[in-house]
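Residues take their numbers from the sequence shown, with the count starting at 1. The figures that follow rest on heavy atoms only: side chains count, while hydrogens, waters and symmetry mates do not.
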Amino acid sequence: MKPLKKWKILKSKMVLNNQWCKIRQDEIELPTEQIIDDYFVNIRPDIAVILPITPQKEIVFVRQYRHAVEEILLELPAGAFSESEDSIVAAARELEEETGYVADQIIKLATLYDNPPKDTNKIHLFLAENVQQKSKQKLDITEDIEVVLIPITKVMELITKEEICVSGTIAAIFLGFNYLSGRTVTE
């Protein structure tokens, strides 16, 4: 079996570049030497996803409308951040903006690729324990968010029932539960 090789980018151009969506069109050469002139890549910012747990052992979720899938979804607080912003700072900011909750300490669980065939970004997963509500939400123009507290003991049931079905949220929950059970989390 021959070793895997990276694709070669022969040319790239931005075909859409606005604040909501950036798409690059690449002309690529595959290891087989076949040329594909229209491979589209979504240029997306990294995302911080936070698993916030209250002293009462409830997880702070958000429920919001997600237009691309046309569904109202239950997920963990999360949001995009720029390359110049520290991921832990972004996690703390997004937690407070979306929920009004703050944490004394935030622990990084992992960094994962979001959708590597088509998207450039990573998702950074965090755990925040003993979170307290300290302020009101500070929502962006496109956000209409309901804060939902769910006991830790009910979360796995909601995943099984597909009431919690966002991949970054599920990854953060499993890694967070693993961390809390005393096992080592690798980054």
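Around atom CG of Asp104, no more than 12 heavy atoms belonging to other residues, nucleotides or ligands sit under 6.0 Å away. The environment of Lys138 atom NZ is dense: over 12 non-hydrogen atoms of other residues, nucleotides or ligands sit within 6.0 angstrom. Within 6.0 Å of CD on Glu162 lie no more than 12 heavy atoms contributed by other residues, nucleotides or ligands. For Tyr113, the OH atom counts as loosely surrounded, since its 6.0 Å shell holds 12 or fewer non-hydrogen atoms of other residues, nucleotides or ligands.
At a threshold of 4.5 Å between non-hydrogen side-chain atoms, the residues Ile59 and Val155 count as touching. With contacts defined as side-chain heavy-atom distances shorter than 4.5 Å, the pair Gln25/Ser12 does not qualify. Glu129 has its side chain out of reach of Gln105: every pair of non-hydrogen atoms, C-beta onward, lies at least 4.5 Å apart. At least one side-chain heavy atom of Tyr179 sits under 4.5 Å from a side-chain heavy atom of Ile107. Taking 4.5 Å as the limit, every side-chain heavy atom of Glu143 sits out of range of all side-chain heavy atoms of Tyr65. Proximity of Val15 to Phe40: side-chain heavy atoms (C-beta onward) are separated by under 4.5 Å at one or more points. Counting only heavy atoms from C-beta outward, the side chains of Glu83 and Pro45 never approach each other to under 4.5 Å. Glu146 has its side chain out of reach of Val62: every pair of non-hydrogen atoms, C-beta onward, lies at least 4.5 Å apart.
Without hydrogens or angle criteria, Asn115 side chain to Lys118 main chain gives no donor-acceptor distance under 3.5 Å. Here the side chain of Lys22 pairs a donor or acceptor atom with the backbone of Asn18 at under 3.5 angstrom. With hydrogens and angles ignored, the 3.5 Å screen pairs a side-chain donor or acceptor of Asp86 with a backbone N or O of Ile88. Side-chain atoms of Gln137 come within 3.5 Å of backbone atoms of Ile145 as a donor-acceptor pair (strictly under, hydrogens ignored).
Under the 4.5 Å side-chain contact rule for hydrophobic residues, Met156 and Leu158 share a cluster. If you chain together hydrophobic residues whose side chains sit under 4.5 Å apart, Leu51 and Leu73 never meet in one group. Ile43 is not connected to Ile23 by any chain of hydrophobic side-chain contacts under 4.5 Å among Ile, Leu, Val, Met, Phe, Trp and Tyr, and they are in different clusters.
Ile123 contributes atom CD1, which lies 5.5 Å from atom OG of Ser167 (distance to the nearest 0.5 angstrom). Separation of atoms OG1 (Thr111) and CD1 (Ile47) is listed at 12.5 Å; rounding is to 0.5 Å. The CG atom of Leu112 sits 9.5 Å away from the NE2 atom of His124 when rounded to the nearest 0.5 Å. In this structure, the separation between CD1 on Ile150 and OG1 on Thr54 is 11.5 Å, given to the nearest 0.5 Å. We find the CH2-CG distance between Trp7 and Leu30 to be 5.5 Å, quoted to the nearest 0.5 Å. To the nearest 0.5 Å, the span separating NZ on Lys108 from CG on Leu175 amounts to 12.5 Å.
Using a cutoff of 4.0 Å between basic side-chain nitrogens and carboxylate oxygens, Lys122 and Asp46 are not scored as salt-bridged. A salt bridge between Lys134 and Glu96 is absent, with no side-chain N of the basic residue lying under 4.0 Å from a carboxylate O of the acidic one. A salt bridge is defined here as a Lys NZ or Arg NE, NH1 or NH2 lying under 4.0 Å from an Asp or Glu carboxylate O, and Arg66 with Glu75 meets this definition.
Minimum interatomic distance between Cys165 and Ile170 (heavy atoms only, all atoms of both residues): CA-CD1, 3.9 Å. The two atoms that bring Val60 and Pro77 nearest to each other are O-CD, 3.3 Å, heavy atoms only.
The only member of Val102, Leu127, Ile106, Val131 that meets side-chain contact (heavy atoms from CB on, under 4.5 Å) when paired with Pro52 is Val131. Here the rule is side-chain hydrogen bond (donor to acceptor under 3.5 Å, both in side chains) with Asn42, and of Thr120, Asn121, Asp119, Asp114 only Asp119 fits it.
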Legend entry - Derivation and outcome, salt bridge (Lys or Arg N to Asp or Glu O under 4.0 Å), residues Glu27 and Lys13: CA-CA 9 Å; Glu27 179 180 322; Lys13 68 178 179 179; over 6 Å; no
